[in-house]
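Worksheet for the structure shown next.
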Amino acid sequence: MVGYLIIDSMLFDGVRSRAINESGFQGTYYAPESTDGKTTVILLGGGQWGDYWAQYFAQNDMVGFSLPYIGRPGLPELPEEIALEYFENALHWLAMQPEVDQNGIVVMGASRNAELALVVASTFPNLVSGVVAYAPSAVSWSNTVLPYNSNELKASWTVKGMDIPYIPMDKIKGGESNTLDMLGYWESGLAKKEEAEGARIEVERINGPILLFSGKDDQIWPSVKMADMIEQRLTEKGFRYSVQNLQYDQSGHAISGNPDDASSYPVLTMNIDGKDYEYEQGGTAEGDFQAKQDARGKLMEFLGNL
């Protein structure tokens, strides 16, 4: 029998928080007591980012669900061969909650979780009514794009035991320099024309509007280029819903961060084979902060129009 655990707690702002562990998925469910059949947003990946946004949505008369899928007891340790049925189960569960409008469920993610959000929405169009993707990907990538994943080439996502097509990538390698060319790494994957075309996410299957955010100075991966690829595909396929492809000057990959955090983290570190390498996120502290603030306003407008 599947384990079942629900813990109720009332946050200081009147938002009810429930820790959910049932039907094979885990997450934290946020909803105000007054909410009845309202727009619901699933934050793929969970964590502090997911909890922030889920609570924020609940404070604004919506439902938020912070949904991790790795790194917890009972969940996969690594983000590889993740079964999309996990998210399907969560979507079905959400649709049964009295606070949730089953025709107003949106999936939201950032970076690789934006990739996942687009994959989930295109795989289960009858369960998802919109997508929000920060620093998105137009394609699916192999597990080997992450240095801590296993060395065996695998799909990142599966459905019904079948791989979601992906661009096969060698693991990023360091060198004599102490820095990494992250942007060049991902560009090399997109340059594999045949594999990249086969790995394109079928975004035209999404059954609702799409909102894309990217920073024009993203130095981690080519989110602007991939957002444009998404928009172009949707245009070519005659997509019948609205598409907003919002791109911000002087902003980088950190556009997906907490909009209330004006701190700057321009340089990050990755350990490869025991050596630390630095890489840049792009953008400026002011540019990122202004972009995050503006994007939040655009996001709330998007959700209010569903």
Side-chain angles (χ1 to χ4, degrees), residues 11-13 15 28 30 39 41-62 64-66 68 106-118 130-138 179-183 186 209-228 230-231 243-270 277-305:
L11 303 179
F12 69 91
D13 52 14
V15 171
T28 309
Y30 295 84
T39 298
V41 186
I42 304 177
L43 292 312
L44 298 182
Q48 292 182 348
W49 181 87
D51 291 341
Y52 164 85
W53 278 112
Q55 185 172 342
Y56 182 83
F57 293 136
Q59 291 168 346
N60 285 274
D61 201 32
M62 291 181 279
F65 189 44
S66 180
V106 175
V107 290
M108 176 169 153
S111 194
R112 295 235 42 220
N113 287 327
E115 170 192 333
L116 175 59
L118 292 161
V131 181
V132 179
Y134 280 79
S137 175
T179 61
L180 296 173
D181 178 13
M182 295 294 288
L183 195 56
W186 297 101
I210 299 172
L211 179 58
L212 308 172
F213 294 116
S214 50
K216 291 184 179 180
D217 191 38
D218 191 337
Q219 294 298 308
I220 289 188
W221 74 354
S223 55
V224 165
K225 174 186 287 189
M226 292 192 289
D228 289 344
I230 292 168
E231 184 177 21
V243 182
Q244 296 181 60
N245 181 10
L246 304 180
Q247 302 174 356
Y248 292 87
D249 294 323
Q250 298 183 347
S251 180
H253 204 72
I255 190 175
S256 63
N258 184 338
D260 293 322
D261 184 3
S263 304
S264 178
Y265 308 96
V267 179
L268 302 178
T269 302
M270 179 183 295
Y277 295 88
E278 294 183 341
Y279 59 99
E280 297 182 359
Q281 293 205 77
T284 65
E286 182 178 1
D288 284 334
F289 184 63
Q290 290 180 352
K292 290 186 292 185
Q293 291 274 308
D294 185 79
R296 180 167 61 184
K298 297 293 195 302
L299 167 61
M300 297 306 289
E301 181 179 349
F302 172 84
L303 295 173
N305 288 332

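Numbering starts at 1 and runs along the sequence shown.
Smallest separation of non-hydrogen atoms from S251 and D288: OG-OD1, 2.9 Å. Between G282 and Q219, the shortest heavy-atom distance links the atoms CA-CG, 3.6 Å. Heavy-atom minimum distance, V15 versus A58: CG1-CB, 3.5 Å. The shortest heavy-atom contact between G109 and A117 is N-CB, 4.0 Å. Looking at every heavy atom in both residues, A114 comes nearest to Y134 through CB-O, 3.4 Å. In terms of heavy-atom proximity, G45 sits nearest to N113 at CA-ND2, 3.7 Å.
Contact of the Q247 side chain with the D228 side chain is registered, since non-hydrogen atoms from C-beta on lie closer than 4.5 Å. Here the side chains of F213 and V132 are in contact, with some heavy-atom distance below 4.5 Å. M226 is not listed as a side-chain neighbour of P136, based on a closest heavy-atom distance of 4.5 Å or more. Looking at heavy atoms from C-beta onward, M300 lies in side-chain contact with F57 at the 4.5 angstrom threshold. Annotation: side chain of L118 is in contact with side chain of I230 (closest heavy-atom distance under 4.5 Å). Contact annotation: the side chain of V224 never approaches that of D218 to less than 4.5 Å [non-hydrogen atoms, C-beta and beyond]. With a 4.5 Å cut-off on side-chain heavy atoms, Y30 and Q59 do not count as touching.
Residue M270 holds its CE atom at 12.5 Å from CD of E278, rounded to the nearest 0.5 Å. To the nearest 0.5 Å, the span separating CD1 on I220 from CE on M182 amounts to 6.0 Å. With values rounded to the nearest 0.5 angstrom, Y248 atom OH is found 3.5 Å from D294 atom CG. We find the OG1-OH distance between T179 and Y277 to be 9.5 Å, quoted to the nearest 0.5 Å. Interatomic distance, L303 CG to K298 NZ, rounded to the nearest 0.5 Å: 13.5 Å. To the nearest 0.5 Å, the span separating CD1 on I42 from CZ on F65 amounts to 7.0 Å.
A donor atom on one side chain and an acceptor atom on the other are found under 3.5 Å apart for S111 and H253. No side-chain N or O of Q48 forms a donor-acceptor pair with one of N258 less than 3.5 Å apart.
Using a cut-off of 4.0 Å between Lys/Arg side-chain N and Asp/Glu carboxylate O, E115 and R112 are scored as salt-bridged. Under 4.0 Å is where a charged nitrogen must lie from a carboxylate oxygen, and between D261 and K292 no such pair does.
In this structure, W49 and W53 have perpendicular ring planes: the angle between them is above 60°, well past the 30° mark.
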| task | Could you walk me through whether D260 and R296 pass side chain to side chain contact (heavy atoms under 4.5 Å, CB included), step by step? | result | CA-CA 10 Å; D260 293 322; R296 180 167 61 184; 2.9 Å; yes
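A donor-acceptor pair is defined here as one N or O able to donate and one able to accept, closer than 3.5 Å; such a pair exists between the side chain of W221 and the backbone of A135. Put simply, the side chain of Q281 gets close to the backbone of Y265: a donor and an acceptor are under 3.5 Å apart.
The number of heavy-atom neighbours closer than 6.0 Å to CD of E286, taken from other residues, nucleotides and ligands shown, is 12 or below.
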